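Report on one structure; see the data block that follows.
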2 protein chains.
Amino acid sequence: MKNINIRELAQQLNLSVSTVSKALNDSHEISDETKKRVLKTAATLNYVPNPYASSLRGRKSKNIGVVIPEVADSFFSIAINGIESVAKEKGYHVLICLTHESFENEKNILKEFQGGRVDGVIMSVSRETIQSDHISDLISNGVPLILFDRVCEDVETAKITTDDFESSYKATEHLVAQGCKKIAFLGISKSLSLNSKRQEGYVQALNDHDLKSGNKHIIHCTNELKPNYRLVKKLLQQKNRPDGIVASMEKLTTPVYTACADLNLSIPQDVKMVCFSNLETASILNPSLTTITQPAFEMGKTAASILFRALKKTNLSLTKSSIVIPSSLMIRSSTT
Amino acid sequence: MKNINIRELAQQLNLSVSTVSKALNDSHEISDETKKRVLKTAATLNYVPNPYASSLRGRKSKNIGVVIPEVADSFFSIAINGIESVAKEKGYHVLICLTHESFENEKNILKEFQGGRVDGVIMSVSRETIQSDHISDLISNGVPLILFDRVCEDVETAKITTDDFESSYKATEHLVAQGCKKIAFLGISKSLSLNSKRQEGYVQALNDHDLKSGNKHIIHCTNELKPNYRLVKKLLQQKNRPDGIVASMEKLTTPVYTACADLNLSIPQDVKMVCFSNLETASILNPSLTTITQPAFEMGKTAASILFRALKKTNLSLTKSSIVIPSSLMIRSSTT
DNA sequence: AGATGGTACGAAAACGGTTTCGTAAATAAA
DNA sequence: TTTATTTACGAAACCGTTTTCGTACCATCT
């Protein structure tokens with residue numbers, strides 16, 4: 001059962017290729033009778049159009065690219081579901097590209113997109129990304145691109161974020177309310193604006209409650225489990241050890257919990273912790289983890305909706321379509 | 001900065017389109033000097049070839065399709081990383097398609113693949129999949145397809161699995177050794193062969209240790225959190241409640257833990273639990289969870305390697321390339 | 001009757017690459 | 001010197017669609 005093309009299909013029907021094409025695309029030029037006949041034969045012969053021929057001719061791919069650092073991460077995998085739910089409805093495919101937190105990879109992926117592989121892009125930058133020319137280049141090349149979660153402030157496009165400053169502020173304030181005096185901040189990467197905002201929210205909360213935030217309590221983590229474990233352990237071993245932690249990355253939960261266990265520190269008695277996380281298992285951890293839960297699905301869905309709006313009318317001002325969707329603080333045993 | 005095509009590039013170089021194409025593809029017909037000149041100009045003009053034109057002409061897409069039930073699942077997201085690591089090395093893209101456990105979606109995706117969108121497929125079937133004509137059709141259409149984890153026995157192709165029977169047997173035996181007398185099995189779906197194997201391993205272990213396994217202790221779960229919670233709760237409320245649980249799906253952890261908490265049952269005192277799971281947080285749950293950890297990355301990587309071998313020489317016997325990679329039982333506090 | 005318009009279809013160009021084939025010039029072999 | 005071979009390039013066909021344009025036919029309107 002080899003795959004058939006439109007020419008062979010047309011032969012079978014004693015029709016021209018153009019007529020068949022129009023019939024399949026429900027053109028008004030074709031009579032209902034012919035359309036029915038074409039559809040029926042196409043079905044029985046198992047005709048499936050070649051997407052590359054269509055893309056080439058139509059100069060659109062019906063693909064959107066999703067560029068993210070990792071897929072093995074609750075936030076991103078849920079966001080993908082949000083994006084996909086919209087894309088499917090619009091008859092689009094989602095091409096997921098992973099940067100694995102490498103700027104080099106990110107640049108290469110966007111470069112490839114210049115070739116027309118995708119009609120639009122939804123992206124969350126890598127932790128290494130410190131400049132954004134590759135993004136602006138793609139946009140000025142006519143490919144609409146929307147940033148979500150980890151955005152670059154200086155790129156002029158729509159940005160879907162959560163209220164990083166406010167939620168971090170609230171989380172820190174919550175720790176203060178629970179009696180923490182020395183609160184540490186575990187960041188993702190110095191360069192990310194998302195990280196800066198969370199850090200600023202943390203600092204602001206400390207200031208507003210007259211707690212000094214020595215730099216020693218701000219740590220930037222790596223992408224690996226073990227180095228993070230060592231960093232956290234070192235932090236918790238110093239004489240002036242923190243009694244509260246605001247962690248801005250899901251991946252930091254395990255290192256913190258493990259380090260505490262190994263150092264015989266009890267959560268929440270000795271150290272309280274709140275983490276930006278979408279882990280479903282947060283509520284059944286030992287102890288259950290207080291999280292700032294981001295609206296992952298919603299953010300993905302929103303980003304996709306705006307992208308498709310941009311694909312419809314190209315002169316839409318994307319910059320003004322930026323949206324902030326609030327996260328929610330889920331208070332659990334790790335802080336109480 | 002609009003994207004340039006090969007014709008314009010050729011004009012800039014005062015060369016023919018064919019020469020430029022050959023130079024870019026490092027053909028032996030072109031002199032080194034010309035190649036260098038072409039590469040240089042292509043770089044400065046930011047030329048990126050249109051992938052659809054290449055795919056159309058070459059009748060290969062340089063894409064492989066990955067069809068899986070969900071991406072928000074540790075096993076699958078890690079497997080994707082394994083697949084991607086191989087694909088990237090071979091210069092291929094990965095098109096991830098989610099069935100969301102729907103047979104209808106799965107059929108539609110494979111149907112689309114008939115059109116030549118991908119050169120090969122790596123797939124794990126949905127929980128609803130009870131017959132495999134759609135798979136065989138695609139294969140007989142010339143698209144190599146490899147199954148992993150959730151396979152269909154009757155499809156003649158390579159199957160990458162883990163030792164479901166043995167690991168389930170070992171897990172059950174472990175529960176018996178820990179003193180469990182009434183062990184329940186929580187399955188994914190009746191139709192999956194993966195599920196049958198795990199169930200058979202469980203039953204065999206019970207038999208070998210002279211424990212009867214009334215059908216009441218075999219439950220097939222749904223795909224939703226809340227119904228699963230209700231099922232588990234009901235199971236744990238019956239007079240003859242189990243003192244051990246073998247769960248064959250990562251997603252079952254939260255319902256079991258929550259149900260136990262709500263019923264004031266202690267894990268592991270009242271109920272011991274072991275779960276097929278790749279959750280990184282298993283070790284910091286309350287209590288830490290004994291898991292059967294599948295070699296997710298390895299399975300993905302192996303599946304991809306075999307697929308690429310098949311893409312090289314089409315007459316390779318895929319059926320004989322099936323591989324079983326063992327899982328490992330990680331004993332933690334939920335069973336001790 | 002002649003002009004006009006709508007309907008239903010076909011021929012051919014186009015999308016942007018790759019590949020086959022042809023060929024002129026340079027080199028090697030006889 | 002003649003012939004064969006190699007080198008380096010160009011013209012054109014081709015991949016499978018979509019779309020533009022042309023046209024034959026029929027109905028409708030002056």
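Worth saying up front: this structure is predicted, and the values here are computed from it rather than measured. Naming convention: chains lettered A, B, ... in sequence-line order (proteins, then strands); numbering from 1 in each chain.
For the pair A:Asn50 CG and C:dG16 P, the computed distance is 16 Å after rounding to whole Å. The interatomic distance linking B:Asp26 (CG) with C:dT18 (C1') rounds to 15 Å, in whole Å. Per the geometry, CG belonging to A:Leu15 stands 14 Å off C1' belonging to C:dA11, to the nearest Å. Between B:Asn14 atom CG and D:dG10 atom C1' the separation is 13 Å, expressed in whole Å. Note: CZ (A:Arg37) to C1' (C:dA8) measures 13 Å, nearest angstrom. Rounded to whole Å, the distance from CG on B:Asn3 to P on C:dC15 is 15 Å. For B:Leu24 and C:dT18, the CG to P distance is 7 Å, given to the nearest whole Å. Rounded to an integer number of Å, the gap from NZ of B:Lys62 to P of C:dG16 is 22 Å.
OP1 or OP2 of C:dT18 lies within a sub-4.0 Å distance of a side-chain N or O belonging to B:Asn25. Note on B:Asn5: a side-chain N or O is less than 4.0 Å away from OP1 or OP2 of C:dG16. Between B:Ser18 and C:dT18, a side-chain N or O to OP1/OP2 separation shorter than 4.0 Å is absent. Of the side-chain N and O atoms in A:Arg57, none sit less than 4.0 angstrom from OP1 or OP2 of D:dC15. Taking side-chain N and O atoms only, A:Ser21 has no distance below 4.0 Å to OP1 or OP2 of D:dT19. Listed pair A:Ser16 / C:dG10 meets the phosphate criterion, a side-chain N or O lying under 4.0 Å from OP1 or OP2. Residue B:Thr19 has no polar side-chain atom (N or O) positioned under 4.0 Å from OP1 or OP2 of D:dC9. Contact check, A:Thr34 against C:dC9: a side-chain N or O comes under 4.0 Å of OP1 or OP2.
Of all heavy-atom pairs between B:Asp149 and B:Ser124, the closest is CB-OG, 3.8 Å.
Remark: the backbone N or O of B:Asn3 is paired with a side-chain donor or acceptor of A:Asn141 at under 3.5 angstrom. No donor-acceptor distance shorter than 3.5 angstrom exists from the side chain of A:Ser193 to the backbone of A:Glu153, with no hydrogens or angles considered.
For the atom pair CD1 (B:Ile68) and CD1 (B:Ile83), the distance works out to 7.5 Å, reported to the nearest 0.5 Å.
Across D:dG16, C:dG17, D:dG10, the shortest atom-to-atom separation from the side chain of B:Tyr47 is found for C:dG17. Taking every side-chain heavy atom of B:Glu29 into account, D:dG10 is the closest of D:dC15, D:dG10, C:dC9. Taking the side chain of A:Arg59 as heavy atoms from C-beta on, and the options C:dC15, D:dG10, D:dT17, the nearest nucleotide is C:dC15.
Between B:Lys35 and B:Asp26 a salt bridge is recorded (basic side-chain N to carboxylate O distance below 4.0 Å). Salt-bridge check for B:Arg150 with B:Glu101: passed, with a basic side-chain N closer than 4.0 Å to an acidic carboxylate O.
Comparing B:His28 and B:Ala53 along DNA chain D, the residue whose closest nucleotide (by nearest heavy atom) sits nearer the 5' end is B:His28.
Evaluation of atom-type donor-acceptor distances gives a pair under 3.5 Å for the side chain of B:Lys22 against the base of D:dG10.
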